[in-house]
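Shown next, in structure tokens, is the structure this report addresses.
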Amino acid sequence: MKNINFNDLDLDPKILQAIDNMGFEEPSQIQAESIPIILEGKDVIGQAQTGTGKTLAFGAPMLSKINSKDKKISCIIVTPTRELAIQVNDELSRIAKFKRTSLLPIYGGQPIERQIKSLKRGVDVVVGTPGRILDHLHRKTLDLSNIQFLIIDEADEMLDMGFIDDIEDIIKSCNSDRQTLLFSATMPNQIKRLASKYMKNDVKYIEIAKNTLTVEKTKQYYYEIKNKDRFESLCRILDVDEPSSAIIFCRTKRGVDELVEGMQSRGYNVEGMHGDMGQNQRLNTLRKFKDGSLDFLVATDVAARGIDVENVSHVINYDLPQDTESYVHRIGRTGRANKEGIAYSLVTPKEYILLKQIEKFTKSKIKRKEIPTVDDIFEAKYKNIEKEIRDVISEENYKNFIPVATELDEEYNLVDVAAALMKIIFEKELSFNYKENSISTEEENIRLFFSIGRMDNITPRKLLKFITETSSVETYEIGDIDILNKFTFISIPERVGNIILKKSNGKRLQGRRVSVELAKSKKSNS
DNA sequence: AAAAAAT
């Protein structure tokens, strides 16, 4: 199994040449396992972690197999977003570089006439989004009745509600003797079952089993915040970490707009991307982000899946995603192709249970981190300035400033001059004037009242276990919970959100009231 | 319950 070379796979020599040209030698696991089976002609459902080269896994064998002599379309690939359609199309073009295969991305937000013209000239592979593909099918400008391959990228999303009707319509317009390939990093069982409906009976499942659903090289952390401190917390994190490139996810389009505005007014080099923006603007923003002229991209889940940008150092969940799959895909924008990555999530006490669900689903540990203090930020900035100065000195490319420096030397102490320069850099880099108390460090105590019914077999130990598992309270004394009383209360920090009491069989206690009340006492903690 | 996807 180890040390397979691409040349050992039975791919078209011209495809191999292109793969070599792209600098790849050893196939990733998903590539090594999928390529032979796809070449055999089998239907495949492929699942492998984010950033492990799924596009090449289906693209190389497909491009090897298709017959590009006739003018008919040989392969249709469906993706959930326009940007992904373009990206997949671009990558396939690179793989098909030495073949005379013609590819065409078709997606909305773009004049349809040009696409129709290209389709008329004859195209081998079409990569598109559902809406526009259907539009072409209805206009009869796209004929899928004689294809060799139907490939559904991000298949679990495409077969989920919201897309499934469109996908079904597209599948219906395809000939049934095609080869069907489904790929994604996540593949819930119910989607797998549904998928078999559209595939041949001997569908082959290829799952690159890993201990975790997320990439190990991406370190995951969460920050516990109050909702009103969300923006301030994000800024502090960014100012300490100074990510070279980060994607920040919001739950809603409005959330994206608001965050972009807030960040821009604080001087960050940031732009937003969501589905209500013009296609040109979307592409423009993504292009700037890819070429490094944009540091931060704020986006909805439109950017959660598939988008491959090199060297994204951080993914930040400004809001936690609604579903756990989305978390996997979002943080999969970093830590790609075996690189390191950092994933942060801002979590309010209310959202804590959701975080725990995500941890369970991904089988990975999300560690707690503390929001940086203003001192932390200053310290990080000082260190960074020092590093920049050392770098410039070692590069020796500051010589043309020596005359000015000499002049200043006659008048001042050079230590003073250096410190003054650092102040200038510092103020340029940190346009925002931090006040120490911009985040409340007061920790409010919550008093939880549990009303426990007589028939419930909850023991203090079980209740404690439940509280520690569903809240971020790390330790709590058993002795503090007196559950023998029918009515009991405990006082714990606010970071506990909603506590739902469950019986030991996991069922929710019906009709029991659990009230959460803010205690009067406030504990300062700075 | 939000986002994506056609005009």
Side-chain angles (χ1 to χ4, degrees), chain A residues 76-89 104-116 119 126-142 144 151-173 184-186 188 191 247-260 272-283 285-286 297-307 315 317-333 345 348 350-351 353-354 357-358 498:
Chain A
I76 176 87
I77 302 174
V78 195
T79 68
T81 63
R82 298 163 182 177
E83 286 73 17
L84 193 52
I86 295 166
Q87 182 185 296
V88 169
N89 185 79
L104 181 71
I106 57 169
Y107 51 86
Q110 201 200 40
I112 198 162
E113 278 71 29
R114 233 185 310 156
Q115 293 175 358
I116 293 175
L119 285 168
V126 169
V127 189
T129 47
R132 188 49 76 87
I133 291 174
L134 281 176
D135 196 355
H136 280 290
L137 285 172
H138 294 145
R139 291 166 188 254
K140 311 247 183 256
T141 48
L142 180 67
L144 300 178
I151 303 177
I152 305 182
D153 201 8
E154 307 297 343
D156 58 325
E157 162 124 320
M158 303 304 263
L159 297 178
D160 202 358
M161 302 209 321
F163 269 128
I164 185 63
D165 293 342
D166 287 356
I167 296 295
E168 273 205 323
D169 287 349
I170 292 171
I171 293 175
K172 274 182 202 147
S173 73
S184 183
T186 51
I191 299 286
I247 304 182
I248 301 159
F249 284 102
C250 297
R251 214 163 33 78
T252 63
K253 299 168 192 169
R254 226 186 98 196
V256 168
D257 290 336
E258 285 169 4
L259 180 57
V260 168
M273 192 170 119
H274 62 61
D276 282 352
M277 290 172 170
Q279 192 53 29
N280 283 340
Q281 195 186 350
R282 277 167 65 167
L283 290 174
T285 299
L286 192 60
L297 176 66
V298 177
T300 57
D301 277 337
V302 70
R305 282 179 179 254
I307 298 301
V315 167
N317 291 308
Y318 190 68
D319 308 301
L320 275 183
Q322 213 61 42
D323 54 306
T324 43
E325 277 88 11
S326 175
Y327 178 88
V328 173
H329 290 278
R330 281 180 176 190
I331 75 162
R333 297 317 99 214
S345 296
T348 61
K350 250 191 190 163
E351 294 165 326
I353 288 179
L354 184 53
Q357 283 168 5
I358 290 168
N498 301 322

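Chain identifiers are assigned alphabetically (A, B, ...) following the order of the sequence lines, protein sequences preceding nucleic acid strands; residue numbering begins at 1 within each chain.
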**Study point:** B:dA4 phosphate, OP1 or OP2, under 4.0 Å from A:T129 side-chain N/O
**Key:** no
Practice item. Report yes if at least one side-chain N or O of A:R282 is closer than 4.0 Å to OP1 or OP2 of B:dA4; otherwise report no. Key: no
Practice item. Test A:K253 against A:D257 for salt bridge (charged side-chain N to carboxylate O under 4.0 Å, His left out), laying out the working first. Key: CA-CA 6 Å; A:K253 299 168 192 169; A:D257 290 336; over 6 Å; no
Side chain of [X]: nearest nucleotide among [options]?
X	options	value
A:D166	B:dA2, B:dA5, B:dA4	B:dA5
A:H138	B:dA2, B:dA6, B:dA4	B:dA6
A:T252	B:dA6, B:dA3, B:dA5	B:dA3
A:V302	B:dA6, B:dA2, B:dA4	B:dA4

Could you tell me the separation between the [atom1] atom of [X] and the [atom2] atom of [N], rounded to a whole number of Å?
X	N	atom1	atom2	result
A:M273	B:dA3	CE	P	14 Å
A:Y318	B:dA2	OH	P	18 Å
A:R82	B:dA3	CZ	C1'	13 Å
A:L354	B:dA2	CG	C1'	13 Å
A:D165	B:dA3	CG	P	20 Å
A:I167	B:dA4	CD1	C1'	11 Å
A:I152	B:dA5	CD1	P	17 Å
A:D160	B:dA1	CG	P	16 Å

Point to revise | Minimum side-chain heavy-atom gap A:R251-A:Y318 below 4.5 Å | key: no
Review point. With a 4.5 Å limit on heavy-atom distance, are the side chains of A:L354 and A:Q357 in contact?
Key: yes
Point to revise | Audit row: A:S184, A:D156, side chain to side chain donor-acceptor pair (under 3.5 Å) steps and yes/no | key: CA-CA 7 Å; A:S184 183; A:D156 58 325; 2.7 Å; yes
Practice item. Supply the atom-to-atom distance A:M158 CE to A:I191 CD1, rounded to the nearest 0.5 angstrom. Key: 12.0 Å
Check your understanding: Counting any heavy atom closer than 4.0 Å, what does A:G275 reach on the DNA or RNA strands: base, sugar-phosphate only, or nothing?
Key -> sugar-phosphate
